[in-house]
Amino acid sequence: MTAKAGVSREHHINAGGAPAAGIDDVIAKPLRHPGRWVAAAIIVGIVLTGITSVWGNKNVDHPTIAHFIFDHRIVEGVGMTIALTVCGMVLATVLAIVLAVMRLSPNPVLRTTAWVYVWFFRGTPLLVQIVFWGYLGLLYTNVTLGIPLTPIEFWSAPTSTIITPFIAGLLALGLNEAAYASEIVRAGLLAVDPGHVEAAYSLGMSPSYTLRRIVLPQAMRVIIPPMGNETISMLKNSALLELIAVQELYTRASDISAQNLRQVELLVVVSLWYLFLTTVLSVPQYYLERRYRRGVGRALPPTPFQQVQRLVRGVRAAWHRRNAPDEVPFETTEIEMREPR
Amino acid sequence: MILTADADVLVDARSVRKDFGANRVLKGITLAVKRGEVMCLLGPSGSGKSTFLRCINHLERIDGGRIYVDGDLMGYRDQGRSLHEMKPTEIALQRRQIGMVFQRFNLFPHLTALENITEAPLGVAREKRAVAREQARELLDRVGLSDKEGSYPAELSGGQQQRVAIARALAMKPKLMLFDEPTSALDPELVGDVLGVMRDLALSGMTMIVVTHEIGFAREVGDHVVFMDDGVVVESGSPDEVLSRPTHRRTRAFLESVL
């Protein structure tokens with residue numbers, strides 16, 4: 001039926017010799033979306049109510065927030081939080097790659113070990129692991145290097161000097177995160193076409209060289225977006241380290257509020273800092289994603305920086321055109337293109 | 001260890017068997033390829049010809065028989081009564097002398113055409129960067145793609161990708177080139193360019209084993225044509241013998257179906 005109708009319409013148009021009169025004259029009015037405006041109004045209303053109710057609350061002392069936002073203790077706490085997140089993520093990523101490769105290894109011992117690691121660290125609460133590392137000194141008074149099951153000792157030191165609160169926090173966050181990250185890395189490794197591995201082998205590359213130069217760079221494209229997520233998650237989880245007195249942002253803030261009893265104001269201070277840090281973190285993620293997308297898309301989209309540059313150029317070109325309308329616009333843009341270098 | 005009496009023989013396969021589980025895909029393949037010879041392997045899909053090719057550079061482990069390339073037993077050390085499987089690094093060393101071209105090209109997508117070619121010479125053969133790049137440019141020129149050195153595989157057509165893949169394999173200066181249906185994934189109008197590069201390579205004296213469905217190529221370029229079916233060599237001989245005057249019923253049936 002449809003085919004028949006199509007044929008007959010074609011026939012009709014051909015018979016007419018030209019499209020029916022008036023077809024080109026129709027002015028298509030875009031579909032209106034009144035619902036969007038209603039939704040926007042409702043949401044703006046809710047958000048404004050929320051902001052005014054918090055901001056206008058007589059119990060929130062705004063000068064206190066302003067006073068503490070750049071307090072040296074808070075800033076030191078921010079530094080500690082950044083250090084924990086960066087070191088923790090480095091530890092977690094390295095360990096995650098090792099675990100993922102172990103999981104995919106033909107060696108059953110390595111495979112099982114990696115599985116048990118993930119099973120344990122994913123299966124127990126992070127809070128419990130943090131407390132465990134914090135109280136390691138109660139379990140083991142000394143850290144000793146020697147041959148197990150023999151009295152031979154090469155080196156020994158009290159746990160409290162080795163496992164400082166910072167190290168305990170780092171181990172807790174890093175080892176826990178490694179379990180989650182290893183699954184992300186494993187998914188990334190599995191996403192690489194096995195044909196590329198065969199091609200690498202056929203060129204005489206060893207398995208480890210193939211992993212480093214062929215498989216991992218391709219896996220990174222899949223790994224980086226969720227790892228950005230994990231980094232943000234670790235940044236915020238570092239607040240849990242208050243429990244073992246690591247001097248990070250949240251600990252410093254709650255120490256201050258314990259003295260001045262301005263809990264809400266300091267929570268606002270802390271939240272603003274965490275929001276700022278998570279925002280900043282998305283920048284390196286963007287550039288890393290870009291780097292590992294090479295060769296996948298046909299051309300990489302411009303970076304935000306390049307977009308701003310282009311916008312500035314466009315605006316300046318337009319401004320020039322307005323002030324010197326006689327100039328050939330192409331020349332103007334060409335001069336504008338050269339200038340920023 | 002040279003077990004081959006004839007020093008002209010580069011590839012010597014003796015009763016090669018391969019099982020995938022209970023399924024025996026190679027049921028004792030015995031073949032010899034002389035230096036400078038082009039051998040074309042024909043056969044219906046599932047006949048084991050690609051598997052045999054992959055056994056030669058030990059991408060597949062064989063379950064019986066022996067494969068020697070230039071006198072070296074592939075993948076194993078022969079210690080009198082038993083064979084000992086080699087370490088992956090030792091196998092990697094053996095594979096350097098054998099280039100392979102795949103049906104699906106398998107170029108490394110995160111590297112440019114030039115980087116695809118220089119990766120193994122730089123990282124495996126430890127050549128100097130300038131030397132490797134110079135050689136890669138010569139190879140790209142040889143396959144007619146000197147203007148594409150900065151292109152990523154995704155920016156190249158299938159035929160161009162396959163020609164880069166051939167250049168990549170040649171960069172390791174192999175003694176032997178294996179082609180696993182190199183034109184099967186290509187649009188018909190791109191097949192000619194790839195076959196042209198392969199023809200030139202054959203004329204330059206490269207020893208080649210080509211699994212293909214291109215009967216014309218086998219007839220023109222092949223020195224030796226082998227017809228395989230169901231894991232055995234059904235018929236082998238000169239292109240004229242096998243393709244024009246096949247003696248076996250299965251060969252005739254296959255040739256009728258593809259021509």
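Lettering follows sequence order; numbering is per chain, from 1.
Heavy-atom neighbours of chain A within the stretch residues 86-113 of chain B, taken at a separation under 4.5 angstrom, comprise B:Pro88, B:Thr89, B:Ala92, B:Arg95, B:Arg96, B:Ile98, B:Met100, B:Phe102, B:Asn106, B:Leu107, B:Phe108, B:Pro109, B:His110.
The two atoms that bring A:Leu203 and B:Ala169 nearest to each other are CD2-CA, 4.0 Å, heavy atoms only.
Taking a 6.0 Å sphere around CZ of B:Phe20, one finds it holds more than 12 heavy atoms contributed by other residues, nucleotides or ligands. Within 6.0 Å of CZ on B:Arg77 lie more than 12 heavy atoms contributed by other residues, nucleotides or ligands. Counting non-hydrogen atoms of other residues, nucleotides and ligands closer than 6.0 Å to CZ of A:Arg111 gives a total above 12. Annotation for A:Arg221: atom CZ does not count as buried by contact number, only 12 or fewer foreign heavy atoms lying within 6.0 Å.
Counting heavy-atom pairs under 4.5 Å between each of A:Pro217, A:Ala200, A:Ser202 and chain B puts A:Ser202 at the top.
The structure places OH of A:Tyr201 at 12.5 Å from CZ of B:Arg54, a figure rounded to the nearest 0.5 Å.
The parts of B:Arg168 that come within reach of chain A are both its backbone and its side chain, each placing non-hydrogen atoms under 4.5 angstrom from that chain.
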